[in-house]
Protein chains: 2
Amino acid sequence: MHMKISEAAAASGCHLETIRYYERVGLMPPPARTASGYRAYRPAEVERLRFISRGRELGFSLEEIRSLLRLEDDSKMSCGDVDAIARTHLADIHLRIDELQRMAMELERVIAQCAGGERECCTILHALRDTGIVSKRDVARCRV
Amino acid sequence: MHMKISEAAAASGCHLETIRYYERVGLMPPPARTASGYRAYRPAEVERLRFISRGRELGFSLEEIRSLLRLEDDSKMSCGDVDAIARTHLADIHLRIDELQRMAMELERVIAQCAGGERECCTILHALRDTGIVSKRDVARCRV
DNA sequence: GCTTGACTCTGTAGCTATTACGGACTTTAC
DNA sequence: GTAAAGTCCGTAATAGCTACAGAGTCAAGC
């Protein structure tokens, strides 16, 4: 019935250490413990872990997932709120895609120049030294 | 001639504190100092900052940029190495784009279901709880 | 000469979302 | 009975910054 943490990890798709982390940051409630102190997860808690895991797969931040979980726990209807979070997140993903595509295009351009050019002069290094086509520099958020 | 750190920041596109960070991690050499200890950047160093900034805009990691700078500093030709770094990085960007597009498609799917469905049942939460495919059983379970 | 405000200095801590470690304990398998 | 595997906790590391605090410095105005 109850699952140990490694079983919950396997069942939910969350890494074992990540589950402890989620507990530490309050995304997961402290689970019951066995007599010897091992965590014992009930099915509902494993489901909650899966909820988080799927949210992460869709790129939601932990804070977004925290909000979604609150709405989920709240029996009052809040479909509009959920929808708003999802749409905001989707817009953010599209921004990141655009940014990465901009990078890819620019990179393809300088690589193509380099491959076609003479070997004594690296156009890629030139591009980094000289050209400044790129505008926005919120690169950190572009990591998947 | 020499620039103070805020001027170098403005000229290079790097945030002021980021410049100090780059120095700390060895991406920038320790600059000359004024009598009172202020950093004084020579044009070549500002250029190096701009090089880093452009590399970041193209999504290169600091370690990749470190390699590119080594190749740049090395007067021996190494266009092939530069090209390899750039191509590897480009492939990585394409992977990230694919991943984000996968997320976006999936998210669009669940959002569309939610928007098209009745207001009393949030299919987005369903999607997160279950396998990503909302079944009729799930809808039936939905409370008013 | 003095004050005010803007700038810079160092060192450290915070951020996101994990992952990895060390050393102690428990459970399981043979 | 012993050895291997699992679990515990707390802490530190990762990338790439950003944000302080508290001290010192510089230029302008009066």
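Residue numbering restarts at 1 for every chain, and letters A, B, ... go by the order of the sequence lines.
Here A/Thr18 reaches the OP1 or OP2 of C/dT19: one of its side-chain N or O atoms lies under 4.0 Å away. For A/Ser36 and C/dT27, the shortest distance from a side-chain N or O to OP1 or OP2 is below 4.0 Å. Regarding contacts with the backbone of D/dT7, a side-chain N or O of A/Ser6 is found under 4.0 angstrom from either OP1 or OP2. Between A/Thr34 and the phosphate of C/dT26, there is no side-chain N or O to OP1/OP2 separation shorter than 4.0 Å. At least one side-chain nitrogen or oxygen of B/Arg56 sits closer than 4.0 Å to the OP1 or OP2 atom of D/dC17. For B/Arg20, no side-chain nitrogen or oxygen approaches OP1 or OP2 of C/dT10 to under 4.0 Å. Side-chain nitrogen and oxygen atoms of B/Arg39 include at least one within less than 4.0 Å of the OP1 or OP2 phosphate oxygen of C/dC9. Residue B/Tyr22 has a polar side-chain atom (N or O) positioned under 4.0 Å from OP1 or OP2 of D/dC17.
Summarising the geometry, the separation between CD on A/Glu17 and P on D/dC9 is reported as 12 Å, rounded to the nearest angstrom. Rounded to whole angstrom, the span from the NE2 atom of A/His15 across to the P atom of C/dT18 amounts to 11 Å. Whole-Å rounding puts the A/Arg24 CZ to C/dT16 C1' distance at 13 Å. Between the CD atom of B/Glu7 and the C1' atom of C/dA6 there is a distance of 13 Å, given to the nearest Å. Remark: C1' of D/dG16 and CD of B/Glu23 are 16 Å apart, rounded to the nearest angstrom. When the P atom of D/dG6 is taken as reference, atom CD1 of A/Ile19 falls 15 Å away, rounded to whole Å. The CD1 atom of A/Ile5 sits 9 Å away from the P atom of D/dC9 (whole-angstrom rounding). Rounded to whole Å, the distance from CG on A/Leu62 to P on C/dC15 is 13 Å.
The pair A/Glu63-A/Arg66 meets the salt-bridge criterion, with a side-chain N (NZ, NE, NH1 or NH2) lying under 4.0 Å from an Asp/Glu carboxylate O. Taking the charged nitrogens against the carboxylate oxygens, A/Glu47 and A/Arg50 have no contact shorter than 4.0 Å, which rules out a salt bridge.
For A/Tyr38 and D/dC8, a side-chain-to-base donor-acceptor distance below 3.5 Å is absent, hydrogens and geometry of angles not being considered.
Here A/Arg33 lies in heavy-atom contact (under 4.0 Å) with sugar-phosphate atoms only. Among the heavy atoms of the strands lying under 4.0 Å from A/Ser61 are primed sugar atoms or P, OP1, OP2 only; no base atom is included.
The shortest distance between side-chain heavy atoms of B/Glu57 and A/Glu106 does not fall below 4.5 Å. Looking at heavy atoms from C-beta onward, B/Tyr22 lies out of side-chain contact with B/Ile65 at the 4.5 angstrom threshold.
Considering only the side chain of B/Leu16, C/dT8 comes nearest among D/dA19, D/dC8, C/dT8.
Taking the nucleotide of DNA chain C with the nearest heavy atom to each of A/Gly37 and A/Tyr21, the more 5' of the two is matched to A/Tyr21.
When atom types are taken as modelled, the side chain of B/Arg42 and the backbone of B/Pro31 share no donor-acceptor pair closer than 3.5 angstrom.
Between the CD1 atom in A/Ile5 and the CZ atom in A/Arg20 there is a gap of 5.0 Å [rounded to 0.5 Å].
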